[in-house]
Structures are given as C-alpha cells and as structure tokens.
Amino acid sequence: MGRGWGRRTAVLAASAAIALAGCSNPGDTVGPGGAGSPASAEAPAGPAGPAGPAAQPLDNGDGTAPGLAPVTADADRAEARTLIDKVGTAGRGPKTGYEREMYGPAWTDSANGVPLGRNGCGTRDDILKRDGTGVRFKAGSTCVVTAMSLADPYTGKAIPFDKSKATAVQIDHVVALSASWQMGAARWPEDKRVQFANDPLNLLAVDGPTNSGKGDATPASWLPPNKDIRCAYAVRYAQVSIKYELPVTDADKTAMAQQCA
C-alpha cells in the first residue's frame, strides 16, 4: 500500500480509539487549568503500563494519533524540509495585550472545528488519554484521567502520572500561546484563538519540568533535550504554523530547517 494510505489508516484508527473511549462527565478536567470533580474512588483497572508507540508527525497531520516519533528516513527528512520551507516568516510583534484568557477558558471543550472538540471531555484529559498508556479513570468517568504512563517525547523517558501529582505531566502548546499572539494571533477573532489553544495538533503531553523550562520559547531559543525528536518537533511546529497561517521569525525557520538537515 502507498504511504498516504498508511497515514490515513493510522489517523483514523487513533481517532476511532479516542471516540470509543466516550466522555460521561462533561466538563471534568484534571490538573492546572481544570476545575475537576469531587474526589472519588478510581474505576477498577490495571496499573499504568509501559510507554506505548508514538506517531511520526508526517503521518499524523491532524494530531489525533499519540505522541511524537522521530523522523529518521532520508525521504521523510527531505519531506520535512519541504514542509518547513512552506512556513512564512515575519518579525515578532509586541506582547502587549496578551493574556491567557484571550484564548478562552483553559482546556475548554467548547472549541469548534478541531478534532476532539465538543466531545464532553476537557482538552487536557483528551490529550492525556491520547498520549498515555495504561490509562486509568476516575470512578464513573471516562474523561478524568487519574493515572497512566507517558512516553515523554521531550526527554525520551517513561514518566508515571498520578493525578495527585498532576504537574509531573503537563500539556505543552508546541507553538506557545504568547508566541502566537506576537506573530499575528492578536488580530484573530476569539473563536480562532480558542481553536488554536485546544487543537490536538498543537498539544503534546510532556514532562512537566521540561515544559516549564520551555515557557513560551520558539525554536531559535529552545528545542527538546531529546535530540532524536528535534526534526519531528520542527515538523509539528511547521504543521501548526501552516494550518493557522502563522509565520515564524527568520531565526526560528532556520533553526527548524537545521533539525531536519
């Protein structure tokens, strides 16, 4: 079969798996940015299992498949460079007026036009479910993730997650919200910013301390510590930039291209 068919099959399978999980407690979220639900016993399940497979970004154009696998084949790296070359460039604007609230409530389920939007679960839990293995849920819920194992793309480590220590795993906006604001999102209508903030294409479950260290940095000043994943990270950054017609600086585009050389 052709490569395009393989990509579509992988994405459709991941989308179906997430859809089948269901979401019985609309609005429940976990960790920073979510209100959560009153504490209760966990639903019966096995322990969080070992880290599972991740999708290569060129095969995951809508972000519904889990994780971020390396881009290694010569042909794939050439395709990655072609994709990065399509990203527009512009100077960085001021951060004046930026507030997180300009992108809607954190991890809202009300985003329109994005996969997993309006499915009854908060965005953070959607991404934990997508990227984790051995996922366990709060009793009575198929939304609220209480435990899982994460194959962290940024460090290359397997990280156990427990809701009682939620900051161990954070959800990273690959293109940071404040960076998008400076590159043109300040002029977007609010519904597009809400879409951007909750689009699974722009979201990865990652090691919390590493994500905190990244902050709102862009590729010219920050890349994942795991060097094997840097081309994949540049591809994902390019995918988001192209989808939202969001330019990057010349320095960022140069840094992105270098990762896939």
> Is there a donor-acceptor pair under 3.5 Å between the side chain of R130 and the backbone N or O of P200?
Replying inline: yes

> Do you know which two heavy atoms are closest between E101 and E190, and how far apart they sit?
Replying inline: O-OE2, 4.4 Å

> Within the side chain of N60, is there an N or O that forms a donor-acceptor pair under 3.5 Å with the backbone of T64?
Replying inline: yes

>> For the OG1 atom of T218 and the CG atom of D252, what is their distance to the nearest 0.5 Å?
In response: 3.5 Å

> Which distance, rounded to the nearest 0.5 Å, do you find between the SG of C121 and the NZ of K129?
Replying inline: 4.0 Å

>> Using modelled atom types and a 3.5 Å cut-off, is there a donor and acceptor pairing between side-chain atoms of E245 and backbone atoms of S241?
In response: no

> Do you know the tightest heavy-atom contact between A205 and D131?
Replying inline: N-OD2, 3.0 Å

>> Among residues at least two apart in sequence or on other chains, which ones pass side chain to side chain contact (heavy atoms under 4.5 Å, CB included) with S212?
In response: Q170

>> Count I, L, V, M, F, W, Y as connected when their side-chain heavy atoms are under 4.5 Å apart, and connections chain through other members. Are V206 and L223 then in the same cluster?
In response: yes

> N198 side chain to A111 main-chain N or O, any donor-acceptor pair under 3.5 Å?
Replying inline: no

>> Does anything in residues 223-237 form a side chain to side chain donor-acceptor pair (under 3.5 Å)? List the pairs, not counting sequence neighbours.
In response: K214-Y233, R236-Q239

> Which atoms form the tightest heavy-atom contact between M102 and R193, and what is the distance?
Replying inline: O-NE, 2.8 Å

>> Restricting to non-hydrogen atoms, name the atom on I84 and the atom on A238 that form the minimum distance, rounded to 0.1 Å.
In response: CG1-CB, 4.0 Å

> Is the backbone of V145 close enough, under 3.5 Å, to the side chain of D125 for a donor and an acceptor to pair up by distance?
Replying inline: yes

> Should V240 and V235 be counted in the same cluster of Ile, Leu, Val, Met, Phe, Trp and Tyr side chains packed under 4.5 Å apart?
Replying inline: yes

>> To the nearest 0.5 Å, what is the distance between CG on L116 and CG on D199?
In response: 9.0 Å

> Less than 4.5 Å apart, any side-chain heavy atom of L177 and any of D216?
Replying inline: no

>> Just checking W181 against H173, ring centres under 6.0 Å apart?
In response: no

> Can you get from V194 to V174 by hopping between Ile, Leu, Val, Met, Phe, Trp and Tyr side chains that sit under 4.5 Å apart?
Replying inline: no

>> For a quick test of reading the model, state the closest non-hydrogen atom pair linking I159 to A168 and the distance between them.
In response: CG2-O, 4.3 Å

> What distance separates Y98 OH from R100 CZ, expressed to the nearest 0.5 Å?
Replying inline: 6.5 Å

> Could you state the interatomic distance from OG1 (T146) to NZ (K163), rounded to the nearest 0.5 Å?
Replying inline: 8.0 Å

>> Between K253 (side chain only) and V87 (backbone N and O only), is there a donor and an acceptor less than 3.5 Å apart?
In response: yes

> Looking only at heavy atoms, which two atoms of Q56 and A69 are closest? And how far apart?
Replying inline: N-CB, 3.7 Å

>> L203 vs D172, test: side chain to side chain contact (heavy atoms under 4.5 Å, CB included). Steps then yes/no.
In response: CA-CA 6 Å; L203 299 171; D172 180 38; over 6 Å; no

> What orientation do F196 and Y103 show, parallel under 30°, tilted 30 to 60°, or perpendicular over 60°?
Replying inline: tilted

